[in-house]
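Lettering follows sequence order; numbering is per chain, from 1.
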There are 2 protein chains.
Amino acid sequence: MENNLEKYVDVANCPVRNVLDRFGDKWSTLVLLLLNEAPVMRFNQLHKAINGISQKMLAVTLKSLEGDGLITRKQYAEIPPRVEYKLSTRGASLLPHIENLVQWANANFDAIEESRKAYNK
Amino acid sequence: MENNLEKYVDVANCPVRNVLDRFGDKWSTLVLLLLNEAPVMRFNQLHKAINGISQKMLAVTLKSLEGDGLITRKQYAEIPPRVEYKLSTRGASLLPHIENLVQWANANFDAIEESRKAYNK
DNA sequence: CAGGATCCGGGTAGATACTG
DNA sequence: CAGTATCTACCCGGATCCTG
């Protein structure tokens with residue numbers, strides 16, 4: 001049993017953590033879910049759709065997702081510039097799992113809220 | 001379509017985010033995965049098993065998980081004190097989804113690493 | 001339009017010391 | 001053993017301004 005747990009022990013080098021950290025951040029899942037609803041989206045479209053995100057964080061998030069190959073970025077040589085983001089195959093393969101979590105969260109939200117209240121009372 | 005996205009828009013009041021934030025943190029998933037491997041675990045057992053976590057953060061994480069009803073805490077009136085943590089039914093219902101993510105992460109880790117290298121070059 | 005650069009404040013994790 | 005208390009440092013995110 002002790003050995004069984006070793007695989008989780010080394011947080012720094014854990015591949016799971018390394019990957020999960022990416023969409024455990026504040027905005028990544030949101031972007032992925034949005035890109036799953038539309039075929040492509042532009043920067044400002046995402047910016048408007050995600051209430052509260054700053055330009056900076058959207059840019060950072062998109063870069064991170066692009067760097068991981070979860071989304072693709074297509075830039076058109078036009079003026080004004082146009083950039084389209086879409087889910088990659090890899091990103092699409094991740095999405096069902098995220099949606100499962102979303103469903104679980106929705107299904108358990110009320111109960112969890114009650115637990116929290118009872119706990120903090 | 002615009003309306004379709006509204007549900008993700010309000011980050012502050014989003015139930016999904018509200019729930020996902022809890023185990024999107026640094027340690028929660030790790031604790032849940034560990035508690036899934038053993039029937040019960042004590043504080044120091046977890047502390048040793050999770051390399052790098054501080055007492056404080058373990059305590060905070062356990063409280064949060066207990067507050068959400070994902071784990072249960074059982075304290076024995078002994079000296080020295082003994083406290084056992086175990087997965088609750090609710091926590092157990094969440095775990096399959098986490099494990100799916102873990103599998104996905106493991107399956108895609110190498111490819112993602114390559115993407116990152118290529119991207120940062 | 002799609003970002004980049006910079007500056008700044010607050011929260012959060014970590015270290016350390018202490019306790020029932 | 002199983003935590004709490006306090007203090008500090010750092011990082012992340014937001015705001016603002018600027019640009020190809």
When you look at B:Leu94 and A:Asn108, which way does the side chain to side chain contact (heavy atoms under 4.5 Å, CB included) test go after all the steps?
CA-CA 10 Å; B:Leu94 171 58; A:Asn108 290 271; over 6 Å; no

Minimum-distance pair of heavy atoms, taken over all atoms of A:His47 and A:Ile53
NE2-O, 3.2 Å

Go through D:dG20, D:dG3, C:dG14 for me and flag the one nearest to the B:Ser54 side chain.
C:dG14

Within this structure, what is the CD-to-P distance between A:Glu78 and D:dG20, rounded to whole angstrom?
20 Å

By nearest atom, which of the nucleotides C:dG4, D:dG20, C:dG14 is closest to the A:Pro81 side chain?
D:dG20

Nucleotide nearest A:Gln55 when distance is taken to its side chain, options C:dG14, D:dA2, C:dG3:
C:dG3

Once you round it to whole Å, what is the distance between P of C:dG3 and CZ of A:Arg73?
5 Å

Rounded to the nearest angstrom, tell me the gap between atom NZ in B:Lys26 and atom C1' in D:dC12.
14 Å

Between C1' on C:dG11 and CE on B:Met57, what's the gap in Å once rounded to a whole number?
12 Å

C:dA15 base / B:Lys56 side chain donor-acceptor hit below 3.5 Å:
no

For B:Tyr76, answer base if it contacts any base atom (sugar-phosphate contacts may also be present), sugar-phosphate if it contacts only those atoms, and nothing otherwise; contact means non-hydrogen atoms under 4.0 Å.
nothing

Could you give the CG-to-P distance, from A:Leu62 to C:dA2, as a whole number of Å?
11 Å

Are B:Lys63 and B:Glu66 ion-paired here, with the side-chain N under 4.0 Å from a carboxylate O?
no

Between CG of B:Leu34 and CG of B:Leu87, what distance do you get to the nearest 0.5 Å?
11.0 Å

I'd like to know whether CD of A:Glu114 has more than 12 heavy-atom contacts from other residues, nucleotides or ligands below 6.0 angstrom.
no

Between B:Val60 and A:Asn44, just flag the one whose closest nucleotide in DNA chain C comes earlier from the 5' side.
A:Asn44

Using only side-chain N and O atoms of B:Trp27, determine if any of them is under 4.0 Å from OP1 or OP2 of C:dT12.
no

At under 4.0 Å, does any side-chain N or O of B:Tyr85 touch on OP1 or OP2 of D:dC1?
no

Which whole-number value in Å describes the distance from B:Lys48 NZ to D:dA2 C1'?
12 Å

Which nucleotide in the list D:dG3, D:dC1, D:dT4 gets nearest to the side chain of B:Val83?
D:dG3

From the list D:dC1, C:dA2, C:dG3, which nucleotide is the closest neighbour of the side chain of A:Arg42?
C:dA2

To the nearest Å, give me how far apart CD (B:Gln45) and P (D:dG3) are.
13 Å

Between atom CG in A:Leu30 and atom P in D:dG13, what is the gap in whole Å?
13 Å

